[in-house]
Amino acid sequence: MASSPNHPSASVIKILPGAVEAAPIGIFVTDLAGKIIYANPHCLSLLQFTQEEFSSGWLRRVHPDERERISAAWENAIARAEPYAEVERSVRENGEEFWVEVSSVVLHDAEGQLSGHVAIVEDVTARVLAESKMGEQVQFLNNLREAVIVTQMDRTVSYWNKGAEDIYRWKSEEIIGQTIDAFLTASEEESRTIFEALCDRREWEGELRQTTKDGRSILVSQRSSMIVDEQDHPKCIFSIVRDITERKKIEIQTLRAQRLESLGTLAGGIAHDLNNILTPIMLSIEMLKALTTDEGGLKVLEAMKISAERGSDLVSQVLTFSRSEEGSTIDLQPLPFLKQIVKMARETFPRDVSVSFVQNPTLWKVRADPTRLEQAFLNLTVNARDAMTQGGLLTIVAENILLETTGKPFVSIKFIDNGEGIPPENLERIFDPFFTTKDLGKGTGLGLSTAQSIIQQHGGSISVQSVPGHGAEFQILLPAIVDILVPGISEPIPSHIHGKGETILVVDDEPSVREVAHRTLQAFGYRTLIAMDGAEAVEIYRAHQNEIALVFTDIMMPILNGIDASKAMFALNPKVKIIAASGLNARADLPEPFVSRLKNFLTKPYSSKTMLVAVREAIEQD
């Protein structure tokens, strides 16, 4: 042992029990200067040193990449007479890497004076490798798009990966340690079913409807497993969750398309047979009328004729719905058809139903079958009339648009009523053939499905937005025939409406709308700040109001809508410039005090040029 009887630490060594020599852990002792004066056999064996080698150069076992750090930490502990604790990456003579944990305490002599350190050395290679492996696994779990959630048996969350953050919008620091029921609620029946399955079979798999932090309703596929200990006692619940909202929508649309195709084929066959039945009936009625002079008999025959004609009209609609091939198409201007329908509606609709027509006089042409296109317009007009049982206003809006996502030109025709609206549970079925909410005998359920079939056969689309009690808006988009060049995502933009580096706060809960608006504004000389709801917009405006030149906000948003968010920003700065946009609300539906303070109001969908002109004009207003 390399120490003298008079060394300050000699007394420490003398009192070390014999058990230290046989201890299964490494132990060594240093003097005040940090020189090693004793190491037990296990320590020397672990580090593969002799006593003399260990005393003269123990840092040789530390990995070269770690020596500077370990040396500085050791010297700092010695200089300050403080405990030392480090995990050291080491390397043996044969090049094998291993890890040891060294922890020391300060020694005092019999007079209470500092005399050195006593340290314990443990081989922690297995633990370090396990932690490294766990780190790799954690990284792997964080890279998954699925949510990985671990809850304890008291329902508190102990793990919440990046996928869970992306799906539910709650950060891990917000939810770990909290009860999961406070965030992701389920009905008592669902909770009981899941827990019983976990207790009985140790696993559960199914679909759940859940709500995210930002108020979105999502459908998820969840698989949960009960984790147990060696005694088969439950320890925690491990769940993998996948957002299947969009997949389900596609599945429903596919099934609906298949159902419609089958119905179309069936309807076409039935219509063909009905025509064969109705034709001789109608011919016979005309012949009988010519042979009959009795007034009563003529009235009966006239009633039969009217009924047969109604049947014939119904068959015609069925055939239009079922027909997938295009008819005779020409390049035409939709305005004359719309003007004729507006004229007809004003002359025949009840007095308490008004009709307004907003048109672009230079509406683009479309390629269409005139008769069938007029049929679609007429069906939507009659549908709007029937929705306004207590009277109201039908507004037909015809305009040219360029889709923000593709830059392609379309003619947009909207039929907007302020009637009863459509319940959410009916929105998915509104275009199904023979689906109707009207009383028996007042509707066939073919009007909207026929209109959709006609529009789709023309390469267009039809969509509906509605809030119960606030009417409905049906929008037709027909591919336009445009003689102008449409570069990129927008029309050619005049240089005088380009931005000059101003900052625009864009607020919209639809990611695609936010992204396109952001890219368009940046492409034309503006800086942008982005908010996905009204609450976030208010916080951003509060922090950056001195640099924000304009706020461009959607109206319908979760958490805090555009109207309330605008009120909060007006309270922060009465001179804030705001443009509002909506795909559902019309300007007339918004509260007047709010509208009067806006710089502009845009109806979705709007073109890049429309947005940029509105932004430029708003910024330049006093």
Side-chain angles (χ1 to χ4, degrees), residues 134 136-228 234-260 423-429 432 509-512 514-515 532-533 557-559:
M134 185 178 297
E136 293 175 5
Q137 293 170 344
V138 168
Q139 184 62 40
F140 170 75
L141 293 177
N142 271 330
N143 288 337
L144 291 176
R145 296 179 63 182
E146 292 83 358
V148 178
I149 304 169
V150 178
T151 57
Q152 301 304 306
M153 298 311 298
D154 62 359
R155 304 289 289 161
T156 57
V157 180
S158 56
Y159 183 73
W160 184 266
N161 77 332
K162 181 66 166 54
E165 291 183 349
D166 292 340
I167 290 174
Y168 295 112
R169 297 291 192 265
W170 279 292
K171 297 294 184 183
S172 59
E173 56 266 25
E174 293 179 279
I175 201 167
I176 287 180
Q178 303 295 320
T179 304
I180 195 167
D181 297 324
F183 298 87
L184 302 177
T185 56
S187 67
E188 288 187 17
E189 184 179 352
E190 284 178 331
S191 298
R192 183 171 59 254
T193 299
I194 294 171
F195 187 74
E196 288 175 354
L198 288 170
C199 291
D200 293 343
R201 304 190 301 273
R202 295 296 193 248
E203 64 179 14
W204 177 86
E205 185 173 2
E207 295 178 0
L208 296 170
R209 176 66 65 179
Q210 295 177 327
T211 303
T212 64
K213 181 181 178 180
D214 53 6
R216 291 179 300 111
S217 176
I218 60 173
L219 185 67
V220 301
S221 170
Q222 178 173 318
R223 181 167 186 173
S224 298
S225 300
M226 180 85 78
I227 308 301
V228 298
K235 290 179 59 179
C236 61
I237 296 170
F238 180 88
S239 301
I240 296 178
V241 182
R242 176 177 297 171
D243 184 351
I244 59 171
T245 309
E246 292 304 317
R247 192 189 80 189
K248 277 293 180 181
K249 286 181 180 178
I250 294 172
E251 288 177 358
I252 291 171
Q253 290 169 356
T254 302
L255 289 172
R256 184 172 179 273
Q258 292 171 346
R259 186 170 69 249
L260 289 176
E425 63 271 18
N426 289 342
L427 279 175
E428 291 290 334
R429 305 179 60 196
D432 285 357
D509 62 315
E510 287 292 334
S512 59
R514 290 197 307 270
E515 179 65 17
M532 65 182 181
D533 56 57
M557 294 183 292
I559 304 178

For the side chain of [X] and the backbone of [Y], is there at least one donor-acceptor N/O pair under 3.5 Å apart?
X: D243; Y: I167; result: no
X: S225; Y: E203; result: no
X: R155; Y: Q152; result: no

Quick one, P558 and D509 - any side-chain contact, counting heavy atoms below 4.5 Å? yes
I'd like to check I227 versus V150 (side-chain heavy atoms, cut-off strictly below 4.5 Å). Are they in contact? no
Write out all pairs satisfying side-chain hydrogen bond (donor to acceptor under 3.5 Å, both in side chains) with one or both partners inside residues 170-179, taking only residues at least two apart or from two chains. E165-S172, E174-K213
Please report the shortest heavy-atom distance between [X] and [Y], naming the atom on each side.
X: C199; Y: M226; result: N-CE, 4.2 Å
X: V157; Y: I175; result: CB-O, 3.6 Å
X: D533; Y: M557; result: CA-SD, 4.0 Å
X: I240; Y: E146; result: CG2-CB, 3.9 Å
X: Y168; Y: T212; result: O-CB, 3.7 Å

Steps toward side chain to side chain contact (heavy atoms under 4.5 Å, CB included) verdict (S239, T151): CA-CA 8 Å; S239 301; T151 57; 5.7 Å; no
Ring pair (Phe, Tyr, Trp, His ring centres under 6.0 Å) involving W204 - partner list, sequence neighbours excluded: none
How long is the gap from [atom1] on [X] to [atom2] on [Y], to the nearest 0.5 Å?
X: I149; Y: S158; atom1: CD1; atom2: OG; answer: 10.5 Å
X: I244; Y: E207; atom1: CD1; atom2: CD; answer: 3.5 Å
X: T211; Y: F183; atom1: OG1; atom2: CZ; answer: 14.0 Å
X: E246; Y: L219; atom1: CD; atom2: CG; answer: 11.0 Å

If you draw a 6.0 Å radius around CZ in R242, do more than 12 non-hydrogen atoms from other residues or ligands fall strictly inside? no
Within a 6.0 Å radius of atom CZ on R169, are there more than 12 heavy atoms belonging to other residues, nucleotides or ligands? yes
